[in-house]
Student: 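Submitted below is the structure of interest, expressed as structure tokens.
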Amino acid sequence: MSKMDSKKIESKWQEKWASADLLYKAEDFSKKQKKYVLVEFPYPSGEGLHIGHAFTMTGADVYARYQRMSGFNVLFPMGWDAFGLPTENYAIKTGIHPSKATDQNTATFKNQMKQLAFSFDWTREVNTTDSNYYKWTQWIFIKLFEKGLAYKEEKPINWCPSCKTGLANEEVVDGKCERCGAVATKKNLSQWIVKITDYADRLISGLEKTNFIEKVKAAQINWIDRSEGAEVDFEIKGFDKKLKVYTTRPDTLWGATFMVVAPEHWLVSEVISNPEIKQYVEESKKKSELERSELQKEKTGVFSGFYAINPVNNKEIPIWISDFVLSTYGTGAIMAVPAHDQRDYDFAKKFGLEIIPVIKSKTEWNYDDGAYTDVNTGEMINSDFLTGMVPKDAIAKIIKWLGEKGVGVKAVNYHLRDWIFSRQHYWGEPIPMVHCEKCGWVPVKEENLPIELPKVEKYEPTDTGESPLANIEEWVNTTCPKCGGSAKRETDTMPNWAGSDWYFLRYLDPDNDKSFADMKKLEYWMPVDVYVGGDEHNTLHLLYSRFIYQFLWDLGVVPKSVPEPYYRRMSHGVILGPDSQRMSKSRGNVIIPDEVAEKHGVDVVRTYLMFMGPFDGTMAWNENTLVGVKRFIERFYCFVSENKDDFGQKDSDKISSLVNKTIKNVSEDIAKFGYNTAIAKLMEFLNGVDKAEKSEISKESVKKIVLLTSVFMPYTAEELWDILGQEFSVHSQMWPKFDENSLKNEAKEIAVQINGKVRGKVNVTEGMTEDQVKELAISDNNVKKYMEGNEIKKFIYVPGRIVTIVV
RNA sequence: GCCGGGAUGGUGGAAUUGGCAGACACGCAGGACUUAAAAUCCUGUGCCCUUUAAAGGCGUGCGGGUUCAAUUCCCGCUCCCGGCACCA
């Protein structure tokens, strides 16, 4: 058996492909139908491409290749999300400018990607750190500002003491910094904030126009977490201001026995002179978000001295202060109904407050066990005009009543918070704003964009929360774009997400200097047909970029007919180390794609990655299975190369149906990202054909199968195409079609069951009638044996599948 | 607690609308080639009973149900993974 020399094959075609680099070019306005296949662009770290990148991108590449060969005008671009902390840290350590490090890293990444034979259209490469790219990132920010969706405010924000920067709510996971894992603290800082909450409803409803899988939709809906209820005003006894609360259960108003406000609530400042209250408030302010939620079992609190008046019955109820009420949600104040809310219940038990049930449970309910919270069953009691109703109906009635009395309105709340948009770091897009004593915050004039990052001596972030840019006086000091007076530039930079929010639009027109992309091109290419990415971005990048896109849609700068940027989202899976643990340097279980490719060949790596398991699964690296794939590729190579002169003119019937079945199944599987089964079917083909006489197989059919393999193993397929004497390149061929007739005529062996047990087999073809099959089945010797002396009670024939006889 | 997804041989995983469970691959066992090993090739491989074979029994997390037929549908659970969570 002639061994294949994968090294030689790789370098040979690598060279040939480089000189024919328009192989994968996407053509604007082509008459072919477009297909925009997008895979998340990477952060070009100094470590190079890791196996997760290789996996994800191979998956996207196979899909793009399949669509391209199927006749679509495929856009499959790549770029660099290059602003970020690792590069900045590298600069701090070495003094080398981040842009230089970025250049080196992107060059390495690009090389690796070419080595792995990803079919990107490199003529559309983008880089978020290019000033002619981030010009438009800045432009988008100015538009947000102009539309009142970006504002600067001093307020306590999440702060990572390790990264020394502010964090968006989405970047705090379990109370820790999403990037470095340090416990997030609170810090009072003046920050740019983007009002993503204005789009909360649309971010939910827009999902209906997409074809995202359930889990992605659910993650976003959960994160936004819309709730409906009412805002109710309570008078405060002996005080002229009212206390506004948000509740989802206004039906339980008669059961409200006390009120609770957050320690940050305005009312607290009225009584802060009380030493007990002062101490409580200070202690809870010291706690981080993490500590507050960790301590959630034991409730704490202090009585404010105030009483509120319940608008439904004029009862006076005490107002307490407790940090289980969040200042950031609703109004920062609640009415407590301990009989029907577990948290209120716990608080009441701890401080000996009254518990008044206003809903009678259908079944016996013991209030010693906790609160009764069901809205859908039970019956209102002790509630005046609501008495007798089901709680969920009572809600509508009481909201109407509150409105008539002018003490409450229907209200909606979200878990989603506004987006903290300032970062106190060097390596990011400068926020294009200028502060003027006279005019306040003024955006830079559009013609003066981009505001380029100035050179600095020191890249270190500071503990004070000031960006390193603040030290460059000649850059900071400028003139006001409005009045021309002296003014200062904003020194904070944008979060990473700013550049990646809209990059998929720039691919469509990467060199445009009049706008971020030409409308005609946008209209041709948008929306993204399939977006391949990771679940870790479901509530970060994916949510942010949908928001920014919706905003651009409102501006009218993206096509009216495309309200959502991504039609379909495909989640990719995760590759674990050989020990089934997440790969990490400290565990020493990291698999480096280059090394595996060096040892086994690129096609083996690609095909193995796709064969490991379902594309969206979590799978452990296993060198044994990889060797199995290697065997397959080598066997396939030998099958074609060694028999190239022995293949016949025409397939035998058996081979013909195998070939057609393979084309059909492989195509269908690839179209739904079922790569593991697609490869299994190619293996089946080889197993089936390996033992057959080679003259039974036509060269035409072999060519078709080579085309099928080309999406997984582009090098081997190109070599085999050449060996078969075909013209370069295999990758610009059309995807093979299968012959429906050859599948129809195929005789199929199906099982004959008697009383649920398989007792025989019969060969049927598609056109056969039930009677014909019946005759065939009962004439089978084995079947006859089992039917002896029995009468057929029922005969069932499921065409092409099974015969069942009940006796 | 709420939401989403799972549980199939020794292992990774396959199974259109309910239709022969275990495709494909790994591993394992036996054999061929070899002085030997590696590589390669061939054969077997869900479990149990059985000397072997035939025949049978049991099998898709657990308990019920519908059906000629259930991994698939329905009811009730257990456990695992992911998201959210003192969100009023």
Side-chain angles (χ1 to χ4, degrees), chain A residues 1 3 173-174 213-227 229 245-250 252 260 262 292-297 299 322-326 328-337 340-344 346-347 373 413-417 535-536 538-539 571 574 580 608 611-614 616-629 631-632 634-635 638 665 668 674 676-687 690-691 749-761 793-807:
Chain A
M1 186 188 240
K3 263 285 222 187
V173 178
D174 293 332
I213 50 171
E214 207 45 49
K215 119 173 120 165
V216 177
K217 284 188 185 177
Q220 296 213 349
I221 290 169
N222 269 339
W223 184 259
I224 297 167
D225 194 16
R226 182 182 201 271
S227 85
V245 302
Y246 173 71
T247 177
T248 55
R249 296 295 302 276
T252 61
V260 188
R292 274 202 194 184
S293 55
E294 266 177 356
L295 296 167
Q296 67 177 266
K297 300 225 163 53
K299 291 218 169 7
S322 172
D323 63 10
F324 88 81
V325 172
L326 306 175
T328 48
Y329 186 78
T331 62
I334 62 157
M335 65 174 210
V337 185
H340 305 296
D341 182 284
Q342 192 57 40
R343 295 151 301 179
D344 300 348
D346 294 341
F347 195 86
T373 57
N413 261 292
Y414 306 93
H415 167 190
L416 183 73
R417 303 272 190 276
D535 285 336
E536 70 275 18
N538 286 345
T539 53
S571 286
V574 178
S580 295
Y608 167 60
F611 183 66
M612 288 177 86
D616 58 356
T618 303
M619 298 150 297
W621 184 264
N622 182 342
E623 194 95 3
N624 281 328
T625 308
L626 178 142
V627 169
V629 170
R631 252 176 234 156
F632 162 68
E634 281 178 355
R635 272 179 61 211
C638 292
N665 291 338
E668 284 171 359
N676 53 338
T677 51
I679 293 165
K681 276 148 199 167
L682 289 169
M683 289 171 167
E684 263 178 86
F685 169 82
L686 185 59
N687 291 343
D690 227 6
K691 283 166 222 161
E749 191 188 60
I750 66 167
V752 180
Q753 287 185 343
I754 299 172
N755 287 352
K757 296 253 188 297
V758 179
R759 296 303 186 191
K761 307 261 174 162
K793 272 198 194 141
K794 206 166 179 179
F795 180 88
I796 303 158
Y797 170 55
V798 184
R801 293 205 186 278
I802 202 162
V803 174
T804 291
I805 302 168
V806 185
V807 297

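Each chain gets a letter, A, B and so on, in the order its sequence line appears, and its residues count up from 1.
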Student: For nucleotides B/G63 and B/G9, find the distance between their P atoms and express it as a whole number of Å.
Tutor: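 The same atom, P, in both gives a distance of 15 Å.
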Student: Give A/R226 one of three labels, base, sugar-phosphate or nothing, depending on what nucleic acid heavy atoms sit under 4.0 Å from its own.
Tutor: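 Since no nucleic acid heavy atom lies under 4.0 Å of A/R226, the category is nothing.
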Student: Heavy-atom nearest nucleotide on RNA chain B for A/V325 versus A/A751: which residue maps closer to 5'?
Tutor: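 The residue closer to the strand's 5' end, by nearest nucleotide, is A/A751.
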Student: Roughly how many Å is it from CE in A/M612 to C1' in B/G12, rounded to a whole number?
Tutor: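 Distance check: A/M612 CE to B/G12 C1' gives 9 Å.
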Student: Nearest of B/C20, B/A88, B/C41 to any side-chain atom of A/R631?
Tutor: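 Given the options B/C20, B/A88, B/C41, the side chain of A/R631 is closest to B/C41.
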Student: Expressed in whole Å, how much space separates the C1' atoms belonging to B/G59 and B/G46?
Tutor: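 About 8 Å, rounded to a whole number of Å.
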Student: Among B/C84, B/G19, B/A25, which nucleotide has an atom closest to any side-chain atom of A/T804?
Tutor: B/G19
Student: If each of A/D535 and A/I334 is mapped to the nucleotide of RNA chain B with the nearest heavy atom, which maps nearer the 5' terminus, i.e. the 5' end?
Tutor: A/D535
Student: Any side-chain heavy atom of A/Q220 within less than 4.5 Å of one from A/L416?
Tutor: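 Side-chain contact under 4.5 Å: no.
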Student: Say you draw a straight line from OH of A/Y608 to CG of A/N676; how long is it, rounded to the nearest 0.5 Å?
Tutor: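 Output value for this atom pair is 12.0 Å.
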Student: Counting only side-chain nitrogens and oxygens, does A/R801 get under 4.0 Å of the OP1 or OP2 atom of B/A15?
Tutor: no
Student: In whole angstrom, what separates A/L682's CG from B/A14's C1'?
Tutor: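 In whole Å, B/A14 C1' lies 15 Å from A/L682 CG.
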Student: When rounded to the nearest Å, what value does the distance between P atoms of B/C74 and B/G5 take?
Tutor: 13 Å
Student: If you measure from the P atom in B/G18 to the same atom in B/A70, how many Å do you get, rounded?
Tutor: 13 Å
Student: Starting from P on B/U16, measure out to CD1 on A/I802 and report it in whole angstrom.
Tutor: 15 Å
Student: So which nucleotide from B/C86, B/G4, B/C20 ends up closest to the side chain of A/L326?
Tutor: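 Out of B/C86, B/G4, B/C20, the nucleotide with an atom closest to A/L326's side chain is B/C86.
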Student: If you measure only the distance, is there a donor-acceptor pair under 3.5 Å linking the side chains of A/D616 and A/S571?
Tutor: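 No, no side-chain donor-acceptor pair sits under 3.5 Å.
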Student: Using atom C1' in both nucleotides, what's the gap between B/U72 and B/U67 to the nearest angstrom?
Tutor: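 After rounding to an integer number of Å, I get 13 Å for this pair.
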Student: Taking B/A36 as the reference, what is the distance to B/U50 when you measure between their C1' atoms (whole Å, please)?
Tutor: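 Pairwise C1' distance, B/U50 against B/A36, rounds to 39 Å.
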Student: Please classify the nucleic acid contact of A/T247 as base, sugar-phosphate, or nothing, using heavy-atom distances under 4.0 Å.
Tutor: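 Since only primed, P, OP1 and OP2 atoms lie under 4.0 Å of A/T247, the category is sugar-phosphate.
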Student: More than 12 foreign heavy atoms under 6.0 Å from CG of A/D174: is that the case here?
Tutor: no
Student: Between B/G4, B/A14, B/U16, which nucleotide gets closest to the side-chain atoms of A/A218?
Tutor: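 Ranking B/G4, B/A14, B/U16 by closest atom to the A/A218 side chain puts B/G4 first.
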Student: So what does A/N622 hit on the nucleic acid, given a heavy-atom distance under 4.0 Å: a base, only sugar-phosphate, or nothing?
Tutor: nothing
Student: Donor-acceptor pairs are to be reported for all side-chain atoms of residues 797-804 of chain A against protein atoms at under 3.5 Å, with residues two or more places apart or in another chain.
Tutor:
| unit_1 | atom_1 | unit_2 | atom_2 | d |
| --- | --- | --- | --- | --- |
| A/Y797 | OH | A/G800 | N | 3.2 |
| A/T804 | OG1 | A/Q753 | OE1 | 3.3 |

Student: Checking contacts here: which listed nucleotide (B/C20, B/A14, B/A25) is nearest the side-chain heavy atoms of A/N676?
Tutor: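 Side chain of A/N676 sits closest to B/A14.
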Student: On a whole-Å scale, what distance lies between the P atoms belonging to B/A7 and B/G13?
Tutor: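 10 Å, rounded to whole Å.
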Student: What contact category does A/V806 fall into here, base, sugar-phosphate, or nothing, at under 4.0 angstrom with non-hydrogen atoms?
Tutor: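 Sugar-phosphate, no base atom in range.
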